[in-house]
Number of protein chains: 2
Amino acid sequence: MTLPILCPIVRRGVRLRAHCVSCAGTPPGGMQLAKGDFLYRQGDEARHVFAVTGGWLQVFVTTPDGKHAAARFVGPGDVIGLEALSPKTPTYLATTTALRTSRACAVSPSEMRTWFQENPDDAMALTALGVEDLATLQRRMVMNASLGADERVLELVKDFAARAQPGTWVELPATREQLGAVLGLTFETVSRALHRLADRGLIAVDGRRVRLEDGR
Amino acid sequence: MTLPILCPIVRRGVRLRAHCVSCAGTPPGGMQLAKGDFLYRQGDEARHVFAVTGGWLQVFVTTPDGKHAAARFVGPGDVIGLEALSPKTPTYLATTTALRTSRACAVSPSEMRTWFQENPDDAMALTALGVEDLATLQRRMVMNASLGADERVLELVKDFAARAQPGTWVELPATREQLGAVLGLTFETVSRALHRLADRGLIAVDGRRVRLEDGR
DNA sequence: CGTAACTTTGATCTTTATCAAGCCTCGTGG
DNA sequence: CCACGAGGCTTGATAAAGATCAAAGTTACG
């Protein structure tokens with residue numbers, strides 16, 4: 001008999017369902033998304049909180065004037081759609097789409113409510129998790145403002161690599177254009193930056209696969 | 001007899017203390033900060049959640065390589081320092097400093113815990129509030145990536161104006177340099193952008209005071 | 001096997017950073 | 001009361017980074 005596989009959610013310290021420890025990414029109610037599917041769209045009524053259990057998704061924001069650009073990538077362990085917990089008529093504040101086949105576990109606000117009532121510690125942990133995401137985004141924002149293209153791309157590559165085995169090839173889940181959308185760069189600049197980093201010996205690039213050279 | 005003044009926190013739908021409705025920004029335990037004071041520093045042990053009840057503060061992030069830049073401004077109604085709710089040894093993930101005399105109400109995690117237990121709805125509201133902040137930051141990030149200097153500055157001015165009476169002069173709580181730090185621009189560019197916007201008739205500028213012309 | 005999407009690479013142009021100089025305002029001390 | 005100085009603001013000239021335009025090579029997939 002094998003050991004129970006830990007749900008990715010548990011790895012970030014929050015259990016979205018009581019039975020999450022044994023769900024292994026396919027909980028009852030867990031849903032599968034094909035590449036290009038939308039998990040939800042900005043402005044939709046927010047009926048569920050989602051825990052990503054597999055794959056990669058991209059979060060988009062549409063500004064009032066119609067501009068829209070990517071904000072961040074979310075992968076296993078990330079909890080999104082917390083707008084559903086808002087007391088006012090909750091609407092999603094961003095659009096989330098699958099970059100590849102992905103899995104997400106959906107939880108309704110009413111489930112969340114009883115869970116919060118029984119486990120205030122989990123409620124606090126989830127709130128803190130949101131702040132962690134906020135801090136990550138703040139960090140990325142600072143980088144986008146203060147670093148050049150090469151360093152920004154390197155940081156993003158490191159972020160993806162941090163979720164995989166160290167020293168191995170990592171498949172970037174996005175096109176150059178999608179990477180650039182998050183970094184505030186064009187796809188040409190992303191391409192050039194990747195190759196400049198390779199020239200500097202910091203990474204190895206092979207199409208969409210990347211490996212960190214050197215220490216981490 | 002005057003009506004009770006609503007604590008700014010209530011305006012964003014979350015009561016950090018049961019008696020918040022009557023605290024009017026000076027709750028027991030509320031603290032005053034002088035210009036330049038630090039509310040907390042990145043890396044400090046996170047002992048309190050803070051609700052800003054007056055003034056303006058700026059949030060900084062320091063990246064691992066020592067770079068640091070401003071991430072956002074926080075004012076009355078904002079709740080910060082939610083890192084304190086993290087179950088692991090909680091440390092603040094950013095530095096917050098007062099741009100002018102400000103007030104903040106500090107609440108300990110244990111207080112939050114009992115409050116969450118009694119009011120799961122408030123817990124959900126607070127979590128949702130965090131997501132709102134995340135969405136705001138995502139929006140700003142998208143703008144920083146996709147808009148030019150003028151439009152970015154205009155958006156920031158609008159944000160400040162949105163918290164004041166429409167059509168009135170608004171005092172920007174920050175220097176050109178501090179505004180630029182948030183926008184990813186230099187102070188010269190911020191200065192030029194403000195005057196270009198004034199030339200275009202979109203705003204009126206008088207030193208640190210600004211007024212939106214036209215509809216909003 | 002053929003097409004569409006993606007990627008690389010080059011040349012040129014725009015925007016914003018950088019460097020620099022002078023001005024204004026406010027607070028402090030003689 | 002005035003002189004001074006520091007911090008902040010404006011404005012100009014130049015340089016660098018990245019966007020844009022363009023063309024050709026590569027990969028994925030029906």
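Numbers restart at 1 for each chain; the letters A, B, ... are given by sequence-line order, proteins then strands.
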Checking the side chain of [X] only, and the main-chain atoms of [Y] only, is there a donor and an acceptor separated by less than 3.5 Å?
X	Y	value
Glu213(B)	Gly201(B)	no
Gln58(A)	Gln178(A)	yes
Thr95(A)	Gln42(A)	yes
Ser102(B)	Trp56(B)	yes

Distance check needed: [N] [atom2] versus [X] [atom1], whole Å only.
X	N	atom1	atom2	answer
Arg196(A)	dG10(C)	CZ	P	12 Å
Asp206(A)	dT8(C)	CG	C1'	14 Å
His195(B)	dC24(C)	NE2	C1'	12 Å

Open item on the list: Quick check for you: name the first and last nucleotides of DNA chain D, 5' to 3', having an atom under 4.0 Å from a heavy atom of chain B.
Closed with: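 So the contact region on DNA chain D extends dG8(D) to dA13(D).
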Open item on the list: Does this structure show an ion pair linking Arg209(A) with Asp206(A), if we count only N-O contacts that are shorter than 4.0 Å?
Closed with: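 So Arg209(A) pairs with Asp206(A) through a salt bridge.
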Open item on the list: Taking the basic N atoms (NZ, or NE/NH1/NH2) and the acidic carboxylate oxygens, is any pair closer than 4.0 Å for Arg163(A) and Asp78(A)?
Closed with: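 Salt bridge: yes.
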Open item on the list: Is the phosphate of dC6(C) approached by Arg208(A) (side-chain N or O, under 4.0 Å from OP1 or OP2)?
Closed with: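 Indeed not, no polar side-chain atom of Arg208(A) lies that close.
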- [ ] Look up atom CZ in Arg176(A) and atom CG in Leu183(A), then write down how far apart they are to the nearest 0.5 Å.
- [x]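 Here the interatomic distance stands at 12.0 Å.
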Open item on the list: If I take atom CG from residue Leu156(B) and atom CD from residue Glu151(B), how far apart are they, to the nearest 0.5 angstrom?
Closed with: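 Between atom CG of Leu156(B) and atom CD of Glu151(B) there are 13.5 Å.
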Task: Sorted by number, the residues of residues 181-192 of chain A with heavy-atom contact under 4.0 Å to DNA chain C - done: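 The answer is Phe187(A), Glu188(A), Ser191(A), Arg192(A).
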Open item on the list: So Gly148(B), base contact, sugar-phosphate only, or nothing? Heavy-atom distance under 4.0 Å.
Closed with: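 The answer is sugar-phosphate, as Gly148(B) gets under 4.0 Å only of primed atoms, P, OP1 or OP2.
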